[in-house]
Enquirer: 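This is the structure I have questions about; it appears just below.
Atom set for the values below is all heavy atoms of this structure, side chains included, hydrogens, waters and symmetry mates excluded. Throughout, protein chains are lettered first and strands after them, A, B, ... in sequence-line order, and every chain is numbered starting at 1.
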Amino acid sequence: MQLIINGETVSVPSSVGNVSQLLEHYGINQKVAIVELNQDILEKSRHGETALADGDKIEIVHFVGGG
Amino acid sequence: MSGRYSRQELFAPIGLEGQAKIRRKHVLVVGAGALGTGSAEALVRAGIGKLTIVDRDYVEWSNLQRQQLYTEEDAQNQVPKAIAAENRLKRLNSEVRIDAQVCDVGPEELERLVEGVDLIMDATDNFDIRMMVNDVSQKYRIPWIYGACVGSYGISYTIRPGITPCLNCLLESVPLGGATCDTAGIISPAVQTVVAHQVTEALKMLVEDYDSLRNKLVSFDLWKNRNSSINVQGVKNASCLSCGPGRTYPFLSYENQTRTAVLCGRDTVQLRPAGKVDRDLEQLEALLKSQTENIQRNPYLLSFSIESRRLVVFKDGRVLVHGTKDTAEARSLYHRYLG
Ligand SMILES: [Zn+2]
């Protein structure tokens, strides 16, 4: 499947079917991530049930603590 | 124009009028590490009226790679970061009033420090304190600018009470431990890019050009060549306990405070005494000289080695135990040598 993540076209393996799995694939903790799918922000509780489709535009921002 | 701020005044969105506004403003920088030294230097050079900078730590060799106000001499002498920052900032711009505070910021300190402050710059290294800053910002209606970085990644967001979502809306829960306790290292351009985002937003705010604010959560990875920005306005949560109508400011309550903390990625435990303390460091040195090694003292702190650990005692009574993450061991050393 091809996704556009943070403006870049990337291929993800077929095991990545929803937003939770996508975050896992990139090693990002769900709790500290904000995900926008086709310009709509997803509530964290919906990451698991939100399926991804070819060509979806996704922005991922994750919070870090260092400074 | 050849005046000190001429280039900034020639920049149309600031101009003479904006410069005069900057001159009247008071900014609080919480933390004097990588982000704090960057922000403080930029704001002081820009001619801010007053800058308060607060930090609980002292300068170490590992700071010099990215904490731009410090020198080898500061590390050698274990100068508290707030003091070392103040010394340098005063030499960069003697027109700015600098207030340096060596202390561990809790709710009480923060509520005292924000008096008369127009803007808070986040330069902290953990979410416990950011959540306190977030609550204080809402309580006193003072905007603050979140910034953080790790590795080659950085993130920033400008929080305006009553207008944008707050950090508690954005995070839902405080991330603890591994996810944000940064041991991954950091390169200085990541710091500087976050500082650039934070200071630019700060300048817009200080000259009251609110229409030019970014209004987006921005993040980047300089090494992986990625950028992202998200409009998070819709995340504002009506039932948020920090900014909603039923607000309780949960992070300013004392049940959420800890006396003992393991410092992020540092192999160090910090112990805070209950109540106010003013340690006589000279007397303490005389007392400890015979039973400890490598004792070193400056006007702000005393350090010594014992049982292969290094203890640092600050005038305000705080103690850092380096070389362990075991809070029980740290407490036992504390009671044995510092009573
Ligand atoms: Zn909120």
Enquirer: Against chain B, label I34(A) side chain, backbone, both or neither, depending on which of its atoms sit under 4.5 Å from a heavy atom there.
Expert: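 Contact with chain B involves both backbone and side-chain atoms of I34(A).
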
Enquirer: Crowded around Q233(B) CD? As in, over 12 foreign heavy atoms under 6.0 Å?
Expert: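 Yes, because the 6.0 Å sphere around CD of Q233(B) holds more than 12 heavy atoms from other groups.
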
Enquirer: Considering non-hydrogen atoms only, spot the tightest contact between V64(A) and R130(B) and give its length.
Expert: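 In terms of heavy atoms, the two residues are closest at O-NH1, 4.3 Å.
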
Enquirer: More than 12 heavy atoms of other residues, nucleotides or ligands under 6.0 Å from CH2 of W223(B): yes or no?
Expert: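 No.
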
Enquirer: Please look at I129(B) and chain A and tell me whether the side chain, the backbone, both or neither of the residue comes under 4.5 angstrom of a heavy atom of that chain.
Expert: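 For I129(B), no heavy atom lies under 4.5 Å from chain A.
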
Enquirer: At a 4.5 Å cut-off on heavy atoms, which part of L170(B) comes close to chain A: side chain, backbone, both, or neither?
Expert: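 Looking at L170(B), backbone and side chain both touch chain A.
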
Enquirer: Below 4.5 Å from any heavy atom of chain A, which atoms of V235(B) appear? Answer side chain, backbone, both or neither.
Expert: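 Looking at V235(B), just its side chain touches chain A.
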
Enquirer: Checking A123(B) against chain A: side chain, backbone, both or neither under 4.5 Å from a heavy atom?
Expert: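 Backbone only.
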
Enquirer: Which atom pair, heavy atoms only, marks the closest approach of I155(B) to H62(A)?
Expert: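 Result for this residue pair: CD1-O, 3.5 Å.
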
Enquirer: Measure E8(A) against the heavy atoms of chain B and call it side chain, backbone, both or neither at under 4.5 Å.
Expert: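 E8(A) touches chain B through side-chain heavy atoms alone.
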
Enquirer: Can you say whether N225(B) sits under 4.5 Å from chain A via the side chain, the backbone, both, or neither, judging by heavy atoms?
Expert: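 Backbone of N225(B) only, per the 4.5 Å heavy-atom cut-off to chain A.
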
Enquirer: Side chain, backbone, both or neither: which part of I5(A) has an atom under 4.5 Å from a heavy atom of chain B?
Expert: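 Neither part.
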
Enquirer: Using a cut-off of under 4.5 Å on heavy-atom pairs, state which of I186(B), V232(B), V191(B), V194(B) scores highest against chain A.
Expert: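 Most pairs with chain A among the choices: V232(B).
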
Enquirer: Determine whether more than 12 heavy atoms belonging to other residues, nucleotides or ligands lie under 6.0 Å from atom CD of E49(A).
Expert: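 Count over threshold, so yes.
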
Enquirer: Using non-hydrogen atoms only, which part of Y157(B) is less than 4.5 Å away from chain A: side chain, backbone, both, or neither?
Expert: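 Neither part.
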
Enquirer: So how far is it from I230(B) CD1 to E36(A) CD, rounded to the nearest 0.5 Å?
Expert: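 Going from the CD1 atom of I230(B) to the CD atom of E36(A) covers 5.0 Å.
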
Enquirer: Search all heavy atoms of S228(B) against all heavy atoms of V61(A) and return the closest pair with its distance.
Expert: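 Reported closest heavy-atom pair: OG-CG2, 3.7 Å.
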
Enquirer: Mind listing the closest non-hydrogen atom pair of G65(A) and A148(B) along with its distance?
Expert: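 Looking at all heavy atoms of both residues, the closest pair is C-CB, 4.2 Å.
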
Enquirer: Kindly compute the distance separating CD1 (I41(A)) from CG (N231(B)), expressed to the nearest 0.5 Å.
Expert: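 Here the rounded value is 6.5 Å.
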
Enquirer: Compare all side-chain heavy atoms of F63(A) with those of L217(B) and state whether any distance is below 4.5 angstrom.
Expert: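 They are in side-chain contact.
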
